[in-house]
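Only one structure is covered here, and it is reproduced in the block below.
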Amino acid sequence: MIAVGMMLDIRTWRVPNSYIVLCSITAIYLLYNQMGAWGCVCFLGRFLLTVGFLFPIYLVGGLGAGDIKLFGVISALMGVRDALWLIIVSIVIGASMGVLRWIRKKQLVSKGSHLVALGKKCFIDRQISAVFQNAKQGEKIHFTVCIFIAYVGWMCKEGVF
């Protein structure tokens with residue numbers, strides 16, 4: 001699921017809703033075969049919990065809607081603890097990729113000072129709208145690549161490889 005989602009994201013800059021629906025149907029089928037009707041309830045609960053948890057990050061422009069929905073489907077299959085690990089590691093990888101891009105483009109100081117000014121506006125001056133204005137000007141990355149790398153790391157950690 002993640003690998004195909006990553007390829008779609010790289011090709012079109014989005015993870016289509018039709019693909020998310022296909023992944024959701026597959027996940028519900030797998031969970032239903034494993035747990036019966038309770039699997040459907042589990043899917044819905046884990047999916048909504050993950051989407052609700054990540055929705056504020058979407059609002060500030062940190063993640064795309066497709067990324068969040070893909071996280072929701074994956075978390076339904078993984079369980080809460082493993083999904084949280086995957087989310088945190090993916091965000092760390094994404095932030096690292098962004099910082100490395102700034103270093104490569106020699107923008108670390110200017111972007112860093114801009115982030116400090118944005119933090120001051122948000123936390124000291126209480127201007128939350130500054131985050132939304134800044135998100136529209138941000139640079140995009142293919143976050144599904146970060147999810148894929150984190151998932152491979154999770155599989156290594158769990159001894160799948």
Side-chain angles (χ1 to χ4, degrees), residues 1-102 104 115 118-119 122 128-129 131-161:
M1 288 183 193
I2 300 170
V4 173
M6 178 181 67
M7 289 187 281
L8 289 168
D9 184 30
I10 289 172
R11 189 169 185 190
T12 65
W13 281 98
R14 59 187 305 267
V15 181
N17 285 335
S18 57
Y19 181 69
I20 298 298
V21 169
L22 178 65
C23 291
S24 297
I25 292 169
T26 305
I28 290 170
Y29 175 77
L30 291 171
L31 289 171
Y32 181 79
N33 282 339
Q34 231 176 17
M35 298 187 253
W38 181 248
C40 298
V41 174
C42 244
F43 172 83
L44 188 61
R46 290 176 183 170
F47 183 86
L48 292 176
L49 180 69
T50 303
V51 170
F53 177 70
L54 293 174
F55 191 69
I57 298 172
Y58 165 75
L59 287 178
V60 297
L63 287 174
D67 300 324
I68 291 175
K69 290 179 271 188
L70 187 61
F71 266 133
V73 173
I74 295 164
S75 69
L77 293 171
M78 293 179 74
V80 177
R81 174 177 275 174
D82 291 331
L84 186 59
W85 186 91
L86 184 71
I87 291 167
I88 291 169
V89 171
S90 297
I91 290 172
V92 168
I93 291 169
S96 301
M97 286 173 65
V99 170
L100 289 174
R101 178 187 287 173
W102 291 348
R104 190 186 68 199
L115 283 176
L118 178 66
C122 290
I128 302 300
S129 62
V131 174
F132 298 107
Q133 292 166 359
N134 188 54
K136 294 175 186 170
Q137 302 166 1
E139 297 179 25
K140 293 183 176 182
I141 64 169
H142 295 288
F143 197 76
T144 52
V145 174
C146 305
I147 298 170
F148 181 78
I149 294 168
Y151 186 74
V152 170
W154 176 80
M155 288 194 307
C156 292
K157 178 181 84 81
E158 293 295 315
V160 175
F161 280 145

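This is a predicted model, so every value here is computed, not measured.
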Exercise for review: Check the surroundings of atom CZ in F47: do more than 12 heavy atoms from other residues, nucleotides or ligands lie under 6.0 Å from it?
Suggested key: yes

Practice item. Return the minimal non-hydrogen interatomic distance between G94 and F143, and the atom names on each side. Key: CA-CE1, 4.1 Å

Review point. Can you tell me how far CD1 of I25 sits from CG of L30, rounded to the nearest 0.5 angstrom?
Key: 12.0 Å

**Study point:** Heavy-atom side-chain proximity of I10 to V145 below 4.5 angstrom
**Key:** yes

Practice item. Run the numbers on F148 and V152 for side-chain contact (heavy atoms from CB on, under 4.5 Å), then give the verdict. Key: CA-CA 6 Å; F148 181 78; V152 170; 3.9 Å; yes

Point to revise | Considering all heavy atoms, the nearest G153-W85 contact | key: C-CH2, 3.8 Å

Exercise for review: Determine whether Y151 and S90 make a side-chain contact, defined as any pair of heavy atoms from C-beta on separated by less than 4.5 Å.
Suggested key: no

Check your understanding: Roughly how far apart are Y29 OH and Q34 CD, rounded to 0.5 Å?
Key -> 12.0 Å

**Study point:** side-chain contact (heavy atoms from CB on, under 4.5 Å) between T26 and M1, worked out
**Key:** CA-CA 10 Å; T26 305; M1 288 183 193; 4.0 Å; yes

Revision key, fill the gap. Separation between CG (N33) and CD1 (I28), nearest 0.5 Å, reads 12.0 Å

Study note, to complete from the structure: In short, ring-ring contact (aromatic ring centres under 6.0 Å, His included) pairs touching residues 48-67 with sequence neighbours left out are F55-Y58

**Study point:** Exercise: identify the closest heavy-atom pair between R14 and P16
**Key:** O-CD, 3.6 Å

Practice item. Can you see which heavy atom on I93 is nearest to which on A150, and at what distance? Key: CD1-N, 3.9 Å

Can you give each donor-acceptor pair under 3.5 Å made by side-chain atoms of residues 62-83, sequence neighbours left out, with the distance rounded to 0.1 Å?
{"from": "D67", "atom 1": "OD2", "to": "G64", "atom 2": "N", "distance (Å)": "3.3"}
{"from": "K69", "atom 1": "NZ", "to": "N17", "atom 2": "OD1", "distance (Å)": "2.3"}
{"from": "S75", "atom 1": "OG", "to": "T50", "atom 2": "OG1", "distance (Å)": "2.6"}
{"from": "S75", "atom 1": "OG", "to": "F71", "atom 2": "O", "distance (Å)": "3.2"}
{"from": "S75", "atom 1": "OG", "to": "G72", "atom 2": "O", "distance (Å)": "2.9"}
{"from": "D82", "atom 1": "OD1", "to": "W154", "atom 2": "NE1", "distance (Å)": "3.4"}

Point to revise | Residue pairs involving residues 2-21 (criterion ring-ring contact (aromatic ring centres under 6.0 Å, His included); sequence neighbours excluded) | key: W13-H142

